[in-house]
Q: 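What follows is a structure written as structure tokens; I'll ask about it next.
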Amino acid sequence: MEIKTDIILGDSYEVLKTIPSDSVDLIITSPPYADQRKKTYGGIHPDKYVEWFLPISEELLRVLKPTGTFILNIKEKVVKGERSTYVIELILEMKKQGWLWTEEFIWHKKNSYPGKWPNRFRDSWERLLQFNKNRKFNMYQEEVMVPVGDWAKTRLKKLSQRDKIRDESKVGSGFGKNISNWIGREKAYPTNVLHLATECNNKKHSAAFPESLPEWFIKLFTKPEDTVLDPFMGSGTTNIVAQRMSRHSIGIEIIPEYYQMVKEQIRPVVLSLFEPKEKYGKTNNK
Ligand SMILES: C[S@@+](CC[C@H](N)C(=O)[O-])C[C@H]1O[C@@H](n2cnc3c(N)ncnc32)[C@H](O)[C@@H]1O
């Protein structure tokens, strides 16, 4: 099996038009934030952000498989002392386009350093918005289970009678919990907060993902030989990780220097794919 990694130079909107409909299993991306990194690669004014993004999200909706997922890393910036509302507006407009806003994960940047602002504290989290085409989508929850750890040691030591029965939710959600179910288990499902350091191996891009971020979503929403797309590729973190995990991937980048850099980085990984398949299969997904 050959894992295909397509690195494409160009404007995301134009390139997306060339990608077949219903062909991608996971889209994960961090588009340029409004105005924020103007010096590096041109920002979009916060007032124009929704207008700029909607034609792109229309194409993303077309290329995503009905069972696929779109993870959008975004965070509204502060303008004149107020949080901008373009992310909220974007969600509402994308819903009108036909997207389902199914979940929101929080990326807690656990190593962000302290700072002093007159009316706020250090911003140490970003949104990872999850959108889908359908209510039923592929999700491999067992792949991201975490050790039960210290919570179990303390919470499960002394169980009340109530803990041993199914405790129906007071808010009437229909979900209940029987805490004693966790006795003897080593793994539990994670929460929707991802505690990841911002640091990454790739220092050649000022806004690169830590590898653990695309890795987590690739594990959760895809299986080997599925296709992952990053329409704002940057330093290619998504593609490099996808390839390591035996997923096909497509990366689109408008700046030739980044495109070239990723092309060069991808090459040695492609060569190593001639080694036995098992090495890159499921067992490799830590
Ligand atoms: C926030 S960075 C992505 C960083 C990436 N997640 C990584 O790990 O390196 C956004 C990238 O989108 C690129 N970009 C901006 N506008 C674009 C467009 N219209 N089409 C394609 N790429 C674009 C920028 O050059 C930048 O490298």
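In this text the structure is predicted, and so the values were computed from the model without any measurement. Atoms within each ligand, like the ligands themselves, are counted from 1 in listed order.
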Q: Are Lys77 and Asp123 ion-paired here, with the side-chain N under 4.0 Å from a carboxylate O?
A: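 Salt bridge between Lys77 and Asp123, a charged N being under 4.0 Å from a carboxylate O: no.
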Q: Mark up the atoms of ligand 1 that fall under 4.0 Å of a heavy atom belonging to Gly10, in ascending order.
A: 20 (N), 21 (C)
Q: Applying ring-ring contact (aromatic ring centres under 6.0 Å, His included) between Phe217 and each of Tyr140, Phe70, Phe105, report the one that passes.
A: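 Option passing the ring-ring contact (aromatic ring centres under 6.0 Å, His included) with Phe217: Phe105.
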Q: Taking only heavy atoms of Ser235 into account, list the atoms of ligand 1 that are under 4.0 Å away from them.
A: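 Under 4.0 Å from Ser235, ligand 1 has these atoms: 7 (C), 8 (O), 9 (O).
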Q: For residues Thr222 and Asp25, is any side-chain donor paired with an opposing acceptor at under 3.5 Å?
A: no
Q: Under 3.5 Å, is there a donor on one side chain and an acceptor on the other for Ser249 and Asn239?
A: yes
Q: Can you confirm whether Lys95 is buried at NZ, in the sense that more than 12 heavy atoms of other residues, nucleotides or ligands lie under 6.0 Å from that atom?
A: no
Q: Using a plain distance cutoff, I'd like to know if Thr237 has any nitrogen or oxygen under 3.5 Å from a nitrogen or oxygen of ligand 1.
A: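 By distance alone, the answer is yes.
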Q: If you measure from each non-hydrogen atom of Tyr258 to ligand 1, which part falls under 4.0 Å: side chain, backbone, both or neither?
A: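 Under 4.0 Å from ligand 1, Tyr258 contributes side-chain atoms alone.
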Q: Distance under 4.0 Å to a non-hydrogen atom of Asp11: what atoms of ligand 1 satisfy this?
A: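 Counting from 1, the qualifying ligand atoms are 18 (C), 19 (N), 20 (N).
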Q: Using a strict cut-off of 4.0 Å, indicate which atoms of ligand 1 neighbour a heavy atom of Pro32.
A: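 Counting from 1, the qualifying ligand atoms are 15 (C), 16 (N).
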Q: Please verify whether a non-hydrogen atom of Pro214 lies at under 4.0 Å from ligand 1.
A: no
Q: Need the ligand 1 atom indices (1-based, order shown) with element for anything under 4.0 Å from a heavy-atom of Ser30.
A: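 Those atoms are 1 (C), 2 (S), 3 (C), 10 (C).
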Q: Which ligand 1 atoms are under 4.0 Å away from a heavy-atom of Ser12?
A: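 Once the distances to Ser12 are compared, the set is 18 (C), 19 (N), 20 (N), 21 (C).
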Q: Within the structure, does Ile255 bring an N/O atom to less than 3.5 angstrom of an N/O atom in ligand 1?
A: no
Q: For Phe209, counting its heavy atoms only, list the atoms of ligand 1 lying under 4.0 Å from any of them.
A: 6 (N), 7 (C), 8 (O)
Q: Strictly below 4.0 Å, N to O, side chains only: are Glu59 and Lys17 in salt-bridge contact?
A: no
Q: Any chance CD of Glu82 has more than 12 other-residue heavy atoms, nucleotides or ligands included, within less than 6.0 Å?
A: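 No.
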Q: Please could you name the atoms of ligand 1 that Ala208 approaches to less than 4.0 Å, counting only its heavy atoms?
A: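 Answer for ligand 1: 7 (C), 8 (O), 9 (O).
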Q: Keeping the roles fixed (side chain from Glu253, backbone from Gly234), state whether a donor-acceptor pair exists under 3.5 Å.
A: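 Here the side-chain-to-backbone pair exists.
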